[in-house]
Amino acid sequence: MSRTIIVSNRLPTKVLRSEEGLSFSPSEGGLATGLGSIYRADNNVWVGWPGISVDEEEEQEVREKLRADSMRPVFLTESEIRDFYEGFSNETLWPTFHYFAQYAIYDQSHWDAYVAVNEKFCRAVLELAGPDDTIWVHDYQLLLLPQMLRKARPKSSIGFFLHIPFPSYELIRVLPWRRQLLEGMLGADLIGFHTYGYMRHFLSSVSQLLGYQSQNGLVEVGTRSVLVDAFPMGIDQAKYAEVAQSEEARKHEQTYRDALRNERIILSIDRLDYTKGIAQRLRAYELLLQTYPEWRERATLLMVVVPSRDQVDQYKELKEEIDELVGRINSMYRTISWNPIQYFYRSFPIEELSALYRMAEVALVTPMRDGMNLVAKEFIASKIDNPGVLILSERAGAARELSDAIIINPTDTNQLAEAMHEALMMPEDEQRQRMGAMQALVKKYNIHHWVNLFMDRLTYSKLKQETLATTTLNADELQRMTSEYQNASQRLLFLDYDGTLSGFNSNPQLAGPDQELLMLLAELSADKRNRVVIVSGRDRATLEKWLGHLPLDFIVEHGVWLRALGEEWTMLRPLTNDWMHEIRPILDLHVSRTAGSFVEEKEYSLVWHYRRADIELGEVRARELTSHLHFLASNSDLQVMEGNKVVEVKSAGVNKGAGAARWLASYPADFIIAIGDDRTDEDTFGAMPSHAYTVKVGSTHRSLARFHLDTHHDVRRVLRALVEA
Ligand SMILES: O=P(O)(O)OC[C@H]1O[C@H](O[C@H]2O[C@H](CO)[C@@H](O)[C@H](O)[C@H]2O)[C@H](O)[C@@H](O)[C@@H]1O
Ligand SMILES: O=c1ccn([C@@H]2O[C@H](COP(=O)(O)OP(=O)(O)O)[C@@H](O)[C@H]2O)c(=O)[nH]1
């Protein structure tokens, strides 16, 4: 039976060591608590680190204990914990991805450990995973793992979910290992983020750093497509609602209320982390007490900070800062019977957390950055029928969904203090109405919904890959092709030029043929059984200059001009270019607005090139230009085509396919091949009979071609094989 193998750095159970030996307790942190309640279903297994370094004897004990609860530990050595976990994961990636780049360090030995530990996880998963198992990798500690798994299991279903923000390209580009990290993630079939914003940043980084384009969230990675989507993570709402109603939670609540003499409780719960805005929150609370003295002795900030990553310098410093702030505020405002802040530096079991959620009137969730923040959702789910107000940072992923919270900017201390006052003053009706709306949302978009959605999209991604797949022209196919070629008495070879016979150059005039290509074309066209047709978008003067001395046929300017060997240039159909004086100024305007772009004027077409412009700006401008031109062309005999980093305007009905059709009609052949790399070559493929070899170079997305090759070097290899057949 197929199952899901969940892989994350941290297991949902952590091992603790005390004088009595090892003990096991639930891990903190949203990934572990969120997925912890669902992984046991359907024979699933969770692979991860148990949170402590153990010796060999202990390993066996831990292994057995965790195995009984469907977990497989990956043990990390002391140095791996230091360099991989504390080092690269939490001193490089964590600060960078949370916009704290000033805290990030770039250390080659940390990177080496990161690669090695990802490999270690890879081995652990491969030992376990059968061919039908789905592998679901989680989070920033394992960004390289999807690609490592893909290499070992090309056909497996692999999902990846990032639990933290994916920052702007401007942050990603700073990382020395940025390309490897992105390529690592792209080994998955589906990549999920909490918000659309994170997804957008990821797609932008992939386009700018790796040059992979995407449409509707499908990234074209060579011959594979990778789906990217937003899946805001939910919680086990039913569990939190149930615990909140339990006798145990109620009892804890009563004890706390008695101790706090029914003061109004503002609750704050986080792991110790500079991303969580804990210090800023304390300052805002101090401001509340200064600005609104009426809350002194009437409200209490109950603050839980769960120890986390305390070997990392920034965390140690933050701990000191919090201790100092709490000490200062408490000593400044405390009275004999009241402490402004009740501060706990430890974790609580779920029943006690639930009692805190129940008791709090206000929850302060004010991170500087947070992938999602499940505490916000747990507070809502625990409120059952009670009122309560959530103050939520606009920079937590959860703010994209929980619009009925009081949304604040966590760096604005005044706004935060005012929000606390507003929350404490909010009429009960309004609280109920806002809380009701958020409860419905947390209930509907719960953790089960999240898992199902992710798995459905993973299946969809696999199906999409199958429908988009073209066959690579591999050794067997090539063998079949060359023998058909050998046996044929008349052959037609339609060859696109740029990107097919020759690589791209940012200056198109510098992409002339090299010796190898000239030789190849000379040898191919020397065979009397061959008609070699160059099918290009280029102007005839350039092609004549480069290839005119060879016995070739030409279809140029995307089908405007045709020339069969030994004949004169003819037009596909009579055309005029009197429309150019109207269109040219529009293209020129785009050049003046887009540095690096330029206009190419051919006899019967105009082309705006943006290969050398800022890639993202170029694409935006291309879209603007295309829609503007489409509008102008709607009542004319013109067509607008988007090619590879170009927008071309020319007469309607004139294209490479229409040109190629002339050759097919005039020169019957028993072997036909058409090779091309961009959208304009699709017209050629479309014109070919079904038995022709149609070959797409580069990305295979939305291509009519039957076969695929990666680069123009592969094209030359195939043509060489024909020459030598
Ligand atoms: O494993 P640790 O180093 O102890 O850290 C705990 C976890 O912190 C992060 O949690 C994130 O996941 C939550 C659920 O998606 C999300 O709500 C929160 O915003 C994130 O910060 C981290 O991503 C996990 O890998 C850690 O295990
Ligand atoms: O004493 C505690 C306090 C908090 N949590 C849990 O830790 C998680 C924190 O997740 P969140 O998404 O808010 O942030 P993260 O810590 O993952 O960055 C929540 O599920 C909390 O219930 C816990 O297990 N014990």
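Read the numbers this way: they start at 1 and go in the same order the structure lists the ligands and their atoms. Reckoned from all heavy atoms, side chains included, excluding hydrogens, waters and symmetry mates.
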Go through ligand 2 atom by atom and flag the ones less than 4.0 Å from a non-hydrogen atom of [X].
X      : value
Glu28  : 23 (C), 24 (O), 25 (N)
Glu378 : 19 (C), 20 (O), 21 (C), 22 (O)
Val306 : 1 (O), 2 (C), 3 (C)

For the ring pair [X] and [Y], is the centre-to-centre distance below 6.0 Å?
X      : Y      : result
His138 : Trp136 : yes
His98  : Tyr103 : no
Phe88  : Tyr114 : yes

* Asked: Quick one: nearest non-hydrogen protein atom to atom 12 (O) of ligand 2, plus distance?
  ->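 Nearest neighbour among protein heavy atoms for atom 12 (O) of ligand 2, to 0.1 Å: Leu374 N, 2.9 Å.
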
* Looking at atom 7 (O) of ligand 2, what's its closest protein heavy atom, distance included? -> Gly29 N, 3.3 Å

Would you mind finding which of [options] brings a heavy atom closest to [atom]?
atom                    : options                : value
atom 10 (O) of ligand 2 : Ser25, Pro349, Gly30   : Gly30
atom 15 (O) of ligand 1 : His163, His98, Arg271  : His163
atom 14 (O) of ligand 2 : Glu352, Lys276, Arg271 : Lys276

Using a plain distance cutoff, I'd like to know if [X] has any nitrogen or oxygen under 3.5 Å from a nitrogen or oxygen of ligand 2.
X      : value
Leu31  : no
Ser347 : no
Phe348 : yes

Carboxylate-amine/guanidinium proximity below 4.0 Å for [X] and [Y]:
X      : Y      : value
Arg257 : Glu263 : no
Glu58  : Arg17  : yes
Asp189 : Arg150 : yes
Glu317 : Arg309 : no
Lys319 : Asp323 : yes
Glu127 : Arg72  : no

* Counting heavy atoms only, which part of Leu31 comes closer than 4.0 Å to ligand 1: side chain, backbone, both or neither? ->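 The part of Leu31 near ligand 1 is both the backbone and the side chain.
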
* Asked: Applying a 4.0 Å heavy-atom criterion (strictly less than), which segment of Arg10 is in contact with ligand 1: side chain, backbone, both, or neither?
  ->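 Near ligand 1, Arg10 shows its side chain, while the N, CA, C and O stay back.
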
Answer with yes or no whether [X] contacts ligand 1, where contact means a heavy atom under 4.0 Å from a ligand atom.
X      : value
Trp450 : no
His138 : no
Tyr85  : yes
Leu374 : yes

Nitrogen or oxygen of [X] less than 3.5 angstrom from that of ligand 1:
X      : result
His194 : yes
Asp139 : yes
Gln141 : yes
Asp370 : yes
Arg309 : yes
Met372 : yes

* To do: Supply the atom-to-atom distance Arg264 CZ to Glu361 CD, rounded to the nearest 0.5 angstrom.
  => 4.0 Å

* Between OH of Tyr315 and CG of Asp310, what distance do you get to the nearest 0.5 Å? ->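 Answer rounded to 0.5 Å: 10.5 Å.
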
* Does one side chain, of Tyr85 or Glu80, offer a donor that lies under 3.5 Å from an acceptor on the other? ->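 No pair is found: no donor N or O on one side chain lies under 3.5 Å from an acceptor on the other.
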
* State if Met372 counts as touching ligand 2 under the rule of any non-hydrogen atom under 4.0 Å. => no

* Asked: Can you tell me if His163 has a non-hydrogen atom under 4.0 Å from ligand 2?
  ->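 Contact check His163 vs ligand 2: negative.
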
Heavy-atom contacts under 4.0 Å between [X] and ligand 2: side chain, backbone, both, or neither?
X      : answer
Leu353 : side chain
Ile269 : side chain
Thr33  : side chain
Val375 : both

* **N/O donor-acceptor pair under 3.5 Å between Asn118 side chain and Leu144 backbone** =>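 Yes, the answer is positive, given that a donor and an acceptor are paired below the 3.5 Å cut-off.
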
* To do: Determine yes or no for a side-chain-to-main-chain donor-acceptor pair under 3.5 angstrom, with Asp133 supplying the side chain and Arg3 the backbone.
  =>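 Yes, Asp133 side chain to Arg3 backbone: donor-acceptor pair under 3.5 Å.
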
Interfacing atoms of ligand 1 (cut-off 4.0 Å, heavy-atom, [X]):
X      : result
Met233 : 14 (C), 15 (O)
Tyr140 : 22 (C), 23 (O), 25 (O)
Ile164 : 23 (O)
Asn373 : 16 (C), 17 (O), 19 (O)
Gly371 : 19 (O)
Gly30  : 13 (C), 14 (C)

Regarding [X] and the six-membered ring of [Y], is the cationic atom NZ or CZ under 6.0 Å from the ring centre and inside 45° of its axis?
X      : Y      : answer
Arg457 : Phe454 : no
Arg82  : Phe84  : no
Lys14  : Phe24  : no

* Asked: Please walk me through it: do Tyr39 and Trp46 pass ring-ring contact (aromatic ring centres under 6.0 Å, His included)?
  -> CA-CA 7 Å; Tyr39 78 96; Trp46 193 324; 5.1 Å; yes

* Out of Lys377, Lys276, Arg395, which residue meets the salt bridge (Lys or Arg N to Asp or Glu O under 4.0 Å) rule with Asp370? -> Lys276

* Using the ring-ring contact (aromatic ring centres under 6.0 Å, His included) rule, take Trp94 and Tyr140 through it: C-alpha gap first, then chi angles, then the decisive distance, then the call. => CA-CA 8 Å; Trp94 181 271; Tyr140 65 102; 5.4 Å; yes

